[in-house]
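Have a look at the structure below before the remarks.
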Amino acid sequence: ERFYVIKQLVNIIISLGAFAAAAKIPIKSIKKVLPIIIAVTLITNLAVFIPGLGVEIKGATRWINLGFTTFQPSELLKLTSIIYLGYFLSSKNQKEIADFRQTMVPLGILLAAIGVIVAVLQRDLGTMIVIAAIFTGLIFLSNVPMKQMLVLGSSVVSVGVLFIVLFPHRIARFLTFLDPTSDVQGAGYHIHQALIAIGSG
């Protein structure tokens, strides 16, 4: 227990330090290096499929072997998505943002491409849900017309359902979410043990 407490405290300290440092970086400087950030993000997310470099665990290929540790490029993709969307949306006036073809179409194509890489190829639906939430939240804050938000929301949900149906293990997880006691020795094992731990204090 002490090990995990110390580990989390260290992570919090590092995160706060990174947050403070990032807050000092001028926005103009971030815009200048944005192409490099995008390039590094794309290369690292595709590098997981290089034999010997990418690490596959239980059918999922999400990590890069750095020798002393592993790195999950999709985490970098979350940060890059925030930076790029901030730049993309701030570069448009309200009329352009309200134009479906100028805003929703390119962002929809981008989100679909990310979905193929993360949810299908890397088999990481959890990260894809977070990225979709980032897209939805920032687009909403940009005052996109509600009709377009409904189109985006319904599209994201529909594709999410498709990603679940295409992979049997995701169907099992979803059914376990609906009824954790349906398979306490299989798909629902961890949830059941967590409930026992909480109940035991």
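Values below: all heavy atoms of this structure, side chains included; hydrogens, waters and symmetry mates excluded.
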Side-chain heavy atoms of Ser74 within contact of Arg62, under 4.5 Å: no
Shortest non-hydrogen contact between Met149 and Val144, atoms and distance: CG-O, 4.0 Å
Minimum side-chain heavy-atom gap Leu152-Phe135 below 4.5 Å: no
Shortest non-hydrogen contact between Ser142 and Gln94, atoms and distance: O-NE2, 3.5 Å
Same cluster (ILVMFWY, side-chain, under 4.5 Å), Ile43 and Ile131: no
Cluster check Ile25, Leu79: I/L/V/M/F/W/Y, side chain < 4.5 angstrom: yes
Cluster check Met146, Leu107: I/L/V/M/F/W/Y, side chain < 4.5 angstrom: yes
Least distance between heavy atoms, Pro145 atom then Ala98 atom: CD-CA, 3.8 Å
Nearest heavy atoms of Trp63 and Pro73, plus distance in Å: CA-CD, 4.4 Å
Spatial distance of atom CG (Leu141) from atom CG (Leu89) [nearest 0.5 Å]: 9.5 Å
Verify same cluster id: Leu16, Ile6 (apolar side-chain graph, 4.5 Å): no
Shared hydrophobic cluster for Val48 and Ile50 (ILVMFWY, side-chain gaps under 4.5 Å): yes
Identified side chain to side chain contact (heavy atoms under 4.5 Å, CB included) counterpart of Leu77 within the set Leu42, Ile114, Thr44, Thr127: Ile114
Distance (rounded to the nearest 0.5 Å) between Gln122 CD and Gln72 CD: 7.5 Å
Face-on cation placement of Lys7 at Phe3 ring, 6.0 Å and 45° thresholds: no
Considering all heavy atoms, the nearest Ile97-Gln148 contact: O-OE1, 4.2 Å
Shortest non-hydrogen separation from Ser90 to Gly86 and the atoms involved: OG-O, 2.7 Å
